[in-house]
Novice: 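Here you go, one structure.
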Amino acid sequence: MKKDEAEKAIRHMCALWAGECNIPIDPMIPPSFSDFKTWAEKKGYGQYFEFRSIMGARHDVEQWFDEEFKQTWRN
């Protein structure tokens with residue numbers, strides 16, 4: 001998996017997860033990254049969490065997740 005392919009997929013999955021699980025995209029309500037990752041793995045999307053990265057794939061995925069849910073203020 002290439003990092004840019006993973007990023008596109010993760011950002012799309014954030015919207016799918018939010019819709020399916022009624023997660024609000026609200027900067028005052030922080031969603032659970034671990035719940036998102038568990039959901040993605042159960043859906044068969046685990047491969048999108050595995051790619052080469054200087055900071056590590058989990059760090060990058062969590063950053064994209066925070067950006068999608070307007071949570072970058074936490075970083």
Side-chain angles (χ1 to χ4, degrees):
M1 175 67 49
K2 292 187 178 185
K3 184 177 175 180
D4 62 332
E5 294 170 330
E7 180 177 3
K8 289 176 190 172
I10 293 292
R11 290 182 183 277
H12 178 71
M13 281 187 279
C14 285
L16 292 176
W17 177 68
E20 187 174 307
C21 298
N22 297 316
I23 307 295
I25 298 177
D26 182 335
M28 300 310 293
I29 304 171
S32 169
F33 177 74
S34 62
D35 288 352
F36 167 71
K37 189 171 186 295
T38 298
W39 171 88
E41 289 170 343
K42 285 181 181 176
K43 293 284 188 173
Y45 301 132
Q47 74 273 16
Y48 294 106
F49 294 82
E50 299 172 13
F51 54 88
R52 292 182 60 173
S53 169
I54 293 171
M55 296 299 290
R58 181 184 169 94
H59 176 272
D60 290 339
V61 171
E62 196 159 358
Q63 179 66 37
W64 302 329
F65 176 85
D66 286 345
E67 289 170 4
E68 291 300 306
F69 288 97
K70 317 287 190 249
Q71 299 294 312
T72 55
W73 56 271
R74 298 184 308 151
N75 299 331

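All values below were derived from every heavy atom in this structure, side-chain atoms included, with hydrogens, water molecules and symmetry-related copies excluded.
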Novice: Find the distance between CD (Gln63) and CD (Glu67) and round it off to the nearest 0.5 Å.
Specialist: 4.5 Å
Novice: List the atom of Phe69, the atom of Ala18, and the distance in Å for their closest heavy-atom pair.
Specialist: CE2-CB, 3.9 Å
Novice: Could you work out, with salt bridge (charged side-chain N to carboxylate O under 4.0 Å, His left out) as the rule, every residue matching Glu50, not counting sequence neighbours?
Specialist: none
Novice: Could you check Arg11 against Glu7 for salt bridge (charged side-chain N to carboxylate O under 4.0 Å, His left out), going step by step and ending with a plain yes or no?
Specialist: CA-CA 6 Å; Arg11 290 182 183 277; Glu7 180 177 3; 2.9 Å; yes
Novice: Which pair of heavy atoms, one from Ala40 and one from Met13, lies closest together, and at what distance?
Specialist: CB-SD, 4.2 Å
Novice: Restricting to non-hydrogen atoms, name the atom on Glu20 and the atom on Trp39 that form the minimum distance, rounded to 0.1 Å.
Specialist: OE2-NE1, 3.0 Å
Novice: Tell me the closest heavy-atom pair linking Lys2 and Phe51, and the distance in Å.
Specialist: C-CB, 4.4 Å
Novice: Can the ring centres of Phe33 and Trp17 be said to be less than 6.0 Å apart?
Specialist: no
Novice: List the steps and the verdict of side chain to side chain contact (heavy atoms under 4.5 Å, CB included) for Lys37 and Glu41.
Specialist: CA-CA 6 Å; Lys37 189 171 186 295; Glu41 289 170 343; 2.5 Å; yes
Novice: Consider only side-chain heavy atoms of I, L, V, M, F, W and Y, link residues closer than 4.5 Å, and tell whether Leu16 and Val61 are in one cluster.
Specialist: yes
Novice: Which heavy atom of Gln71 sits nearest a heavy atom of Pro30, and at what distance?
Specialist: OE1-CB, 3.4 Å
Novice: Could I get the full list of salt bridge (charged side-chain N to carboxylate O under 4.0 Å, His left out) partners for Arg58, not counting sequence neighbours?
Specialist: Glu62
Novice: Quick one: do Ser53 and Lys3 satisfy side chain to side chain contact (heavy atoms under 4.5 Å, CB included)? Show the steps, please.
Specialist: CA-CA 7 Å; Ser53 169; Lys3 184 177 175 180; 4.3 Å; yes
Novice: Check the angle between the aromatic planes of Tyr45 and Tyr48 and answer parallel, tilted or perpendicular using the 30° and 60° thresholds.
Specialist: tilted
Novice: Let's go through Ile10 and Phe49 carefully: what are the C-alpha distance in whole Å and the side-chain angles of both, what is the deciding distance for side chain to side chain contact (heavy atoms under 4.5 Å, CB included) to 0.1 Å, and is it a yes or a no?
Specialist: CA-CA 8 Å; Ile10 293 292; Phe49 294 82; 3.8 Å; yes
Novice: For side chain to side chain contact (heavy atoms under 4.5 Å, CB included), just list the numbers for Phe36 and Ile23, CA-CA rounded to whole Å, side-chain angles, deciding distance to a tenth of an Å, and then say yes or no.
Specialist: CA-CA 10 Å; Phe36 167 71; Ile23 307 295; over 6 Å; no
Novice: Quick one: are Cys14 and Phe65 in side-chain contact, heavy atoms under 4.5 Å?
Specialist: yes
